[in-house]
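Sequence lines set the chain letters: A, B, ... in the order given, protein chains first and strands last, and positions in each chain run from 1.
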Amino acid sequence: MPELPEVESAVARLRQATVGKTIVAARVLHPALQRRLSQRKAGTLRGARVVSVTRRGKHQLLALDDGRTVHAHFRMTGDWTIDHVDDPLPRFARASLSFDDGTRVVLDDPRALSTLEVHAKNANVDLGLGPEPDDPALTADALKAALERKRGPIKPVLLDQRVIAGLGNIYAAEALWHARISPAAPAASLPQKRIAALLRAIRKVIARATGARYTDDDVSKLAVYDREGLPCRRCGTPIERVVQAGRSTYFCPTCQAD
DNA sequence: CGTATCCTGACC
DNA sequence: GGTCAGGATACG
């Protein structure tokens, strides 16, 4: 269930469950996943110890004591189920890592779009990511420079992970609503002041979601996402839904007029 | 830039 | 049976 705040929470659980422990078995359980990571290669993880678990954008990186890195990405519907080696596998188990203390970490993903890879020691892994939303180097000027290089409407540009790492479909729409910017506004010509407002809004929506679990209660607090036809929380105008670059965009046609 | 594609389930 | 889904990428 991943946008950046959900990945952040997944990383915290993964870290808690695995750091300092040694892998005793690794299984790749779904053919689509096996195309990226063969069972043979996964098997080489046996005996390696997890040194650290970190997040970059929506990517999760497990550093191993032998220098290799396990690299996971949830895409649309992935999540970790953390259980015990003796438990029955979850219904949508796609891969699993078992540890020397009996802990098992299961990649649980109904759509099986998640990815899992193992990178060699010293491998140059380019995740293709821009700055994190909370990166102090991400100033309004820096964001303006990045946006000026892009063509097309702002909303799809915000989903480009090279612009800002970790922003997804929900929080892109939420941030635009808070900043009162139309999702169709050309990214390249947004004025400085509006970009500054957008950056503040991005930080606000991400910060508010981080730490909180992604509960129904949180969803009900969203300003525009999945609220087509419902009144704008600011002006009462019905929220509209359009499709941009194949993704749903929700916005208020009154508050976000340009 | 938009579109199709990877997958599978939920819902109309 | 069609549409949609919180992501990313290859392609035209």
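- A 3.5 Å limit on both hydrogen-bonding distances identifies C:dA5 as the Watson-Crick or G-U partner of B:dT8.
- Across all strands shown, A:A32 has heavy atoms under 4.0 Å from sugar-phosphate atoms exclusively, and none from any base.
- You'll find that the side chain of A:Y225 is closest to C:dG6, out of C:dG6, B:dA10, C:dG7.
- Look at CG on A:L129: it is 9 Å from P on C:dA8, rounded to the nearest Å.
- Side-chain atoms of A:R75 lie closest to B:dC6 of the nucleotides B:dC6, C:dG6, B:dG9.
- Salt-bridge check for A:E8 with A:R55: passed, with a basic side-chain N closer than 4.0 Å to an acidic carboxylate O.
- For the pair A:I154 CD1 and B:dC1 C1', the computed distance is 15 Å after rounding to whole Å.
- Distance A:M76 CE to B:dG9 C1': 12 Å, rounded to the nearest Å.
- Of the candidates C:dG7, B:dC1, C:dA5, C:dA5 carries the atom nearest the A:S248 side chain, counting heavy atoms from C-beta on.
- Note: CZ (A:R36) to P (C:dA10) measures 9 Å, nearest angstrom.
- Nucleotide B:dT8 holds its C1' atom 9 Å from the CG atom of A:D109, rounded to whole Å.
- For A:V157, counting side-chain heavy atoms from C-beta on, the closest listed nucleotide (B:dC1, B:dT3, C:dG6) is B:dC1.
- Ring orientation note: the planes of A:H59 and A:H73 are nearly perpendicular, at an angle over 60° on the 30°/60° scale.
- Listed nucleotides C:dG7, B:dT8, C:dC4 differ in distance to A:R94; the shortest reach to its side chain belongs to B:dT8.
- Taking every side-chain heavy atom of A:Y250 into account, C:dA5 is the closest of C:dA5, C:dG7, B:dA10.
- Of the side-chain N and O atoms in A:Q161, one or more sit less than 4.0 angstrom from OP1 or OP2 of C:dA8.
- The separation between A:R151 atom CZ and B:dC1 atom P is 8 Å, rounded to whole Å.
- More than 12 heavy-atom neighbours from other residues, nucleotides or ligands sit within 6.0 angstrom of CD on A:E148.
- Cation-pi check for A:R227 over A:W177 is not met; the charged atom does not lie both under 6.0 angstrom from the ring centroid and within 45 degrees of its normal.
- Side-chain N/O atoms of A:H73 include one lying less than 4.0 angstrom from OP1 or OP2 on C:dA8.
- Distances from the side chain of A:E3 to the nucleotides C:dG6, B:dA10, B:dG2 place C:dG6 closest.
- Residue A:Y171 places none of its side-chain N or O atoms closer than 4.0 Å to OP1 or OP2 of C:dG6.
- When the side-chain nitrogen and oxygen atoms of A:H30 are compared with OP1 and OP2 of B:dT8, one or more of them lie within a distance under 4.0 Å.
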Inset, instruction - Give the C-alpha distance, both sets of side-chain angles, the deciding distance and a yes or no for salt bridge (Lys or Arg N to Asp or Glu O under 4.0 Å) between A:R149 and A:D160. - result: CA-CA 12 Å; A:R149 275 183 255 114; A:D160 184 338; over 6 Å; no

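- Going from atom CG of A:D226 over to atom C1' of B:dA10 covers 13 Å, rounded to whole Å.
- For the OP1/OP2 pair of C:dA8 and a distance below 4.0 Å, the side-chain nitrogens and oxygens of A:K58 include at least one atom meeting the criterion.
- Side chains of A:S182 and A:Q256: a donor-acceptor N/O pair is absent below 3.5 angstrom, by distance only.
- Whole-Å rounding puts the A:L159 CG to C:dA8 P distance at 8 Å.
- Between A:R247 and the phosphate of C:dG6, there is a side-chain N or O to OP1/OP2 separation shorter than 4.0 Å.
- Closest to the A:N169 side chain, of the nucleotides C:dG6, C:dA5, B:dC1, is C:dG6.
- For C:dG6 and B:dC1, the C1' atoms lie 23 Å apart once the distance is rounded to whole Å.
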